[in-house]
Q: 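Can you read through this structure? Questions will come right after.
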Amino acid sequence: MKRSPASLWSLLWLFSAASFPLVESHHILGLFVNVHRSQLMVHLAVCQALIQKGHQLTLVTTLPLDDHDIRGNVTHILIPWEQPREDSDHHTPSDFFLRLERMFNRLEKSGDFLNLPEWKVFLQGAPNPHFDLMLLGYHFNDYLLGVAAHFKCPVAIISTQQPTGFVNSLMGNPEERWYVPQPYDSQQRSGISAWIFGIWEKLMEIMARRVMQKIYSLHFPEPQYPGFETMRRSVALTLSNHHAISEGPIAPVLPNMVDIGGILLEQNIKENSQEISAINRSIIVFSLGTRFTWQKSPHSLISTFTKAFSQFPNYDIYWTYDGANQSIISVDYPHIKISKWWPQCELLASGKVRLFITHGGKGSVSEALYYGVPMLGLPLLGDQRANLQRMQAKKWGLTLSTHNLTHNELHKAMARILGGSEYTKAISKASQLYRDRPMNSSDLATFWLEYIIRHDGARNLYSPSRQLTWIENLSIDVYVTIYGGLILIVIVLRKMNSLL
Ligand SMILES: *[C@@H]1O[C@H](CO)[C@@H](O)[C@H](O)[C@H]1NC(C)=O
Ligand SMILES: *[C@@H]1O[C@H](CO)[C@@H](O)[C@H](O)[C@H]1NC(C)=O
Ligand SMILES: *[C@@H]1O[C@H](CO)[C@@H](O)[C@H](O)[C@H]1NC(C)=O
Ligand SMILES: *[C@@H]1O[C@H](CO)[C@@H](O)[C@H](O)[C@H]1NC(C)=O
Ligand SMILES: *[C@@H]1O[C@H](CO)[C@@H](O)[C@H](O)[C@H]1NC(C)=O
């Protein structure tokens, strides 16, 4: 059958229309201020997914962006700011209450950023742009919800880990401390001790909320703006960089709390370069993360690693190293490859990595999980210990303490992981679970963000528990009424009995 040119054209037109995003393009504000670089990378991955769907973004950050951090139709507003460190004395005080006081002082000062002239220009500068949605990089910064009130747009937050007590309280999600260990707890406690810790954390949260309320009222005063708690209750959606059904723990979550674990990996997948495809030996990757530097490390620590590594000549060891004696190390040990930067993700993706020695940052553990590479953990700070304890408990590898690390210990642990297949097996299985999803995280995140915009903030997702006080939320009023009533009846009956 012959087609007329007209129908051919319409066919072509249909084809080209189908290959472009048909969704309406929205203007989205990303507010990612005063966060760590590793958190920012997760936020930007969500933005990159939105750009791929044809949306237009305006990003406000306090950290500079590199060209390859984000590509596409983006307006970037850089407001350089770093919270000054208290330098009164360098060591952290041992007094617990002093430390607490310091923490809250720091929180209070985190709002100073809102006094910068650059910020005021962004917020008040004419003409005010229209935003369909605000994305907030969430990090103890609830007062920034005032910005969504200012632009009169719905707001969604991005949390870089499993939902914590703070996020649960924000969304009205039930806390089940009995059986849901917290991401920062290196012991991964459950039961009574976890419950008691939950109460302690609640107290901290109440205090932190007060501080943040103060910052909010200063910069977004009523009645010009809705109140702080009203804005907290207005958050429409939480995206968590976590994948509960494979990483655990299993916990109840509201429908407007969506897991997008792995989005950073999805957005960073590249074709393997020629150098990486040419790797023809088994390799070990060793990196302690971007916040660690070898420049100040003592010679003894460096030689602990070189001594241990010298016993594995059958592996090429890719060591991220920025310290002294680089040339000496590579001459003495030709199988140790040293560089300030290795394409870690691409190396892990190459299928040649037999062991990943890592500090256990959330991003690195996710990469190892995604590509099924067993780990040897050397935690340095923050949540890394907790991440690695969980990793070890699941038999994805081993964790060593970084205090008094000896080359013998290191050698033994490496040999155990490289020699036995149990770790590789366990993490390959976990990797299959991690990847087995109905939809990738990029599509999932953009679907829900577009959903919020399509339905004007999607009040239908709103949990009624957000309107309750904590007494009502825990049904304490109900229990008091029922048990109080029962006790009253018993007392009355006894009284009557003794009177008769
Ligand atoms: C970016 O988006 C805006 C608004 O949709 C449009 O006016 C502008 O031409 C776009 N720029 C590029 C480089 O695509
Ligand atoms: C996510 O999945 C969709 C559909 O399978 C695909 O078109 C898209 O490229 C994927 N995105 C990423 C970042 O992998
Ligand atoms: C392995 O790769 C190296 C370079 O990376 C090359 O010199 C060597 O010949 C290769 N060996 C084999 C057996 O392919
Ligand atoms: C560099 O190598 C020299 C000679 O082996 C050694 O004395 C020195 O301590 C090394 N420096 C560091 C920082 O490892
Ligand atoms: C380990 O290091 C601590 C100091 O960090 C030191 O007090 C202790 O004696 C060391 N233990 C051993 C077995 O070397």
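Since the structure is predicted, the reported quantities are computational estimates derived from the model, not experimental observations. One-based numbering, in listed order, for ligands and for the atoms of each.
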Q: For atom 5 (O) of ligand 2, is the nearest protein heavy atom closer than 4.0 Å?
A: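 Under 4.0 Å from atom 5 (O) of ligand 2, zero protein heavy atoms found.
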Q: Which option wins on minimum heavy-atom distance to atom 12 (C) of ligand 2: Leu265, Asp443, Asn440?
A: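 Among Leu265, Asp443, Asn440, the closest heavy atom to atom 12 (C) of ligand 2 comes from Asn440.
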Q: Output the list of atoms in ligand 2 that are nearer than 4.0 Å to some heavy atom of Ser442, sorted by atom number.
A: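 Near Ser442, meaning under 4.0 Å from one of its heavy atoms, ligand 2 has 13 (C).
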Q: Apply salt bridge (charged side-chain N to carboxylate O under 4.0 Å, His left out) to the pair Lys53 and Asp443, showing each step before the final yes or no.
A: CA-CA 9 Å; Lys53 295 278 178 197; Asp443 280 2; 3.3 Å; yes
Q: Would one find more than 12 heavy atoms of other residues, nucleotides or ligands at under 6.0 Å from atom CG of Asp67?
A: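 Open: at most 12 neighbouring heavy atoms sit under 6.0 Å from CG of Asp67.
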Q: Apply side chain to side chain donor-acceptor pair (under 3.5 Å) to Ser287 and His359, showing your working.
A: CA-CA 7 Å; Ser287 163; His359 63 304; 5.3 Å; no
Q: Can you check atom 9 (O) of ligand 2: any protein non-hydrogen atom closer than 4.0 Å?
A: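 No; the ligand atom in question lacks any protein heavy-atom contact below 4.0 Å.
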Q: For His139 versus Gln39, what's the shortest heavy-atom pair and its separation?
A: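 Of all heavy-atom pairs spanning His139 and Gln39, the closest is ND1-NE2, 3.3 Å.
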Q: Which donor-acceptor pairs under 3.5 Å do side chains of residues 391-398 form with protein atoms, sequence neighbours excluded?
A:
{"unit_1": "Gln392", "atom_1": "OE1", "unit_2": "Thr399", "atom_2": "N", "d": "2.5"}
{"unit_1": "Lys394", "atom_1": "NZ", "unit_2": "Glu247", "atom_2": "O", "d": "2.5"}

Q: What are the atoms of ligand 2, with element, lying closer than 4.0 Å to any heavy atom of Gln267?
A: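 Within the 4.0 Å cut-off of Gln267, ligand 2 contributes 13 (C).
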